[in-house]
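Here the structure is laid out as structure tokens; the discussion comes afterwards.
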Amino acid sequence: MSALRKWFAGGVCTSTAQLDGKVAVVTGANTGIGKETAKDLARRGGRVILACRDIAKGEAAAREIIAETGNQQVIVKKLDLSDSKSIRAFAEDFLKEEKKLHFLINNAGVMMVPYSKTADGFEMHIGVNHLGHFLLTFLLLDRLKESAPARIVNVASHLHASWRINFKNLQGEKYYNGFLAYCQSKLANVLFTRELARKLQGTGVTVNAIHPGVVDSELSRYSYSLGICKAVFRFTFKTPKEGAQTSIYCAVAKELESVSGQYLSDCRPAWVAPQARNKETAKKLWQVSCELMGIQWE
């Protein structure tokens with residue numbers, strides 16, 4: 001059973017890179033793979049900003065990370081990705097206080113939640129998982145470029161292959177299915193990554209998307225079927241620490257210094273669905289996202 005468990009645990013980041021003097025932002029870092037990613041970056045000596053919606057949970061996570069790593073440079077900042085005002089306030093505060101940014105880990109997300117809307121009126125999955133991180137990345141990009149070499153990691157999912165971008169029902173206006181809405185938002189993550197990588201060529205900033213694996217975390221709390229699977233096949237689920245390995249790998253591995261626009265799982269390149277390789281869809285999604293967030297990003 002131990003060999004089988006190890007197989008399900010997947011790839012491990014073996015890089016010994018140290019991050020002294022480096023600054024990282026990890027969204028959704030108060031729990032799950034976000035917390036484990038932040039903990040690893042802190043253990044390597046980085047200054048880590050936990051960007052969390054729930055400040056109390058964020059502070060508890062920061063105390064745990066500081067206690068385990070001995071790194072005092074773990075800071076909590078309020079970030080609600082379902083509210084563009086909160087995203088802009090976070091970015092303004094960050095840019096005022098931090099002169100460098102070397103790693104942006106777009107990790108936070110919602111999964112299969114009942115139909116609801118963000119503060120800006122967007123369907124929750126596309127609003128938080130894609131549009132929120134789209135705006136955050138836009139607002140922090142100049143600081144990343146100034147700090148280059150720098151890296152962006154977008155946490156996506158293999159479920160990007162299970163659906164398509166439906167521009168006529170992007171916000172669930174005509175019909176809503178929580179599973180398909182989640183799949184669409186994860187496809188958006190991969191398309192955003194590929195288009196952003198194209199635009200960032202020559203800047204010293206790379207961006208890659210990852211699939212963390214099937215992780216035993218709070219993210220799946222709204223999925224009844226996943227709950228049953230977890231109860232019966234728990235040994236096949238990754239722990240949050242195991243699920244964080246590819247995010248960490250994309251952030252610190254020396255061999256990925258010039259790699260951009262890729263999709264990885266278990267610390268290696270992974271298969272990408274045809275709809276996630278469609279350049280025209282990626283460009284249209286970029287344009288629509290800019291219009292929805294009220295920004296100009298060429």
Side-chain angles (χ1 to χ4, degrees), residues 1-2 4-15 19 24-44 46 48-69 71 74 76 79 81 103-113 128-129 133 153-159 182 185-186 189 208-223 225-253 264-268 270:
M1 180 65 83
S2 61
L4 188 61
R5 182 69 203 66
K6 190 174 180 181
W7 185 81
F8 280 115
V12 176
C13 176
T14 57
S15 169
L19 305 180
V25 168
V26 183
T27 68
N30 62 285
T31 188
I33 65 173
K35 183 169 75 172
E36 292 298 334
T37 302
K39 189 182 296 180
D40 186 278
L41 300 181
R43 190 172 281 120
R44 294 170 188 270
V48 185
I49 286 81
L50 314 184
C52 306
R53 183 169 56 89
D54 189 320
I55 290 292
K57 288 183 179 179
E59 295 285 5
R63 287 192 295 272
E64 178 187 321
I65 293 170
I66 291 168
E68 285 194 32
T69 66
N71 185 344
V74 180
V76 180
L79 173 66
L81 286 159
F103 308 100
L104 173 59
I105 316 294
N106 288 323
N107 163 83
V110 296
M111 182 180 187
M112 301 182 209
V113 297
V128 170
N129 297 354
H133 282 124
V153 180
N154 293 326
V155 177
S157 168
H158 276 349
L159 286 175
Y182 177 74
S185 72
K186 294 291 105 178
N189 291 156
N208 292 294
I210 70 108
H211 168 59
V214 183
V215 181
D216 184 0
S217 72
E218 291 181 11
L219 188 64
S220 61
R221 61 188 175 274
Y222 290 105
S223 173
S225 56
L226 258 182
I228 293 175
C229 286
K230 198 185 294 186
V232 179
F233 302 107
R234 185 174 289 275
F235 73 97
T236 68
F237 281 65
K238 290 186 179 185
T239 65
K241 185 176 181 179
E242 292 163 351
Q245 294 303 304
T246 307
S247 292
I248 297 162
Y249 175 70
C250 283
V252 305
L264 299 94
S265 179
D266 285 326
C267 301
R268 59 179 183 264

Check step by step if salt bridge (charged side-chain N to carboxylate O under 4.0 Å, His left out) holds for Lys35 and Asp40. CA-CA 9 Å; Lys35 183 169 75 172; Asp40 186 278; over 6 Å; no
Might you work through the side-chain contact (heavy atoms from CB on, under 4.5 Å) test for Cys267 and Val12, ending with a clear yes or no? CA-CA 7 Å; Cys267 301; Val12 176; 5.8 Å; no
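For the pair Leu19 and Val252, the minimum side-chain heavy-atom distance is below 4.5 Å. Between His158 and Ser265 there is a side-chain heavy-atom pair separated by less than 4.5 Å. Between Leu264 and Asn208 there is a side-chain heavy-atom pair separated by less than 4.5 Å. Side-chain contact between Ile210 and Val153: present, with at least one pair of heavy atoms (C-beta onward) separated by less than 4.5 Å. The closest side-chain heavy-atom distance from Val25 to Ile105 is not below 4.5 Å. Taking the side chain as every heavy atom from C-beta outward, Ser15 and Arg44 approach each other to under 4.5 Å. Considering only heavy atoms from C-beta on, Val48 stays 4.5 Å or farther from Ile65 through its side chain. With a 4.5 Å cut-off on side-chain heavy atoms, Asn71 and Arg43 do not count as touching.
Rounded to the nearest 0.5 Å, atoms CG (Asn107) and OG1 (Thr31) are 10.0 Å apart. The structure places NZ of Lys39 at 11.0 Å from CG of Leu50, a figure rounded to the nearest 0.5 Å. Between atom OG of residue Ser247 and atom CD of residue Glu36 there is a gap of 11.5 Å, rounded to the nearest 0.5 Å. Residue Gln245 holds its CD atom at 8.0 Å from OG1 of Thr239, rounded to the nearest 0.5 Å. Annotation: the span from Asp54 atom CG to Leu79 atom CG amounts to 12.5 Å, rounded to 0.5 Å. To the nearest 0.5 Å, atom OG1 of residue Thr37 and atom CD1 of residue Ile248 are 5.0 Å apart.
Between the side chain of Thr27 and the main chain of Ala108, a donor-acceptor pair closer than 3.5 Å is present. Put simply, the side chain of Asn129 gets close to the backbone of Val110: a donor and an acceptor are under 3.5 Å apart. Here the side chain of Lys186 pairs a donor or acceptor atom with the backbone of Val155 at under 3.5 angstrom.
In terms of heavy atoms, Ile33 sits closest to Pro240 at CG2-O, 3.3 Å. Of all heavy-atom pairs between Cys52 and Ile55, the closest is O-CD1, 4.4 Å. Between Cys13 and Tyr249, the shortest heavy-atom contact is SG-CA, 3.6 Å. Residues Gly58 and Val76 come closest through the heavy atom pair O-CG2, 3.4 Å.
Judged purely by distance below 3.5 Å, without hydrogens or angles, the side chains of His211 and Thr246 never pair a donor atom with an acceptor atom. Remark: the Asn189 side chain and the Asn154 side chain contain no N/O donor-acceptor pair separated by less than 3.5 Å.
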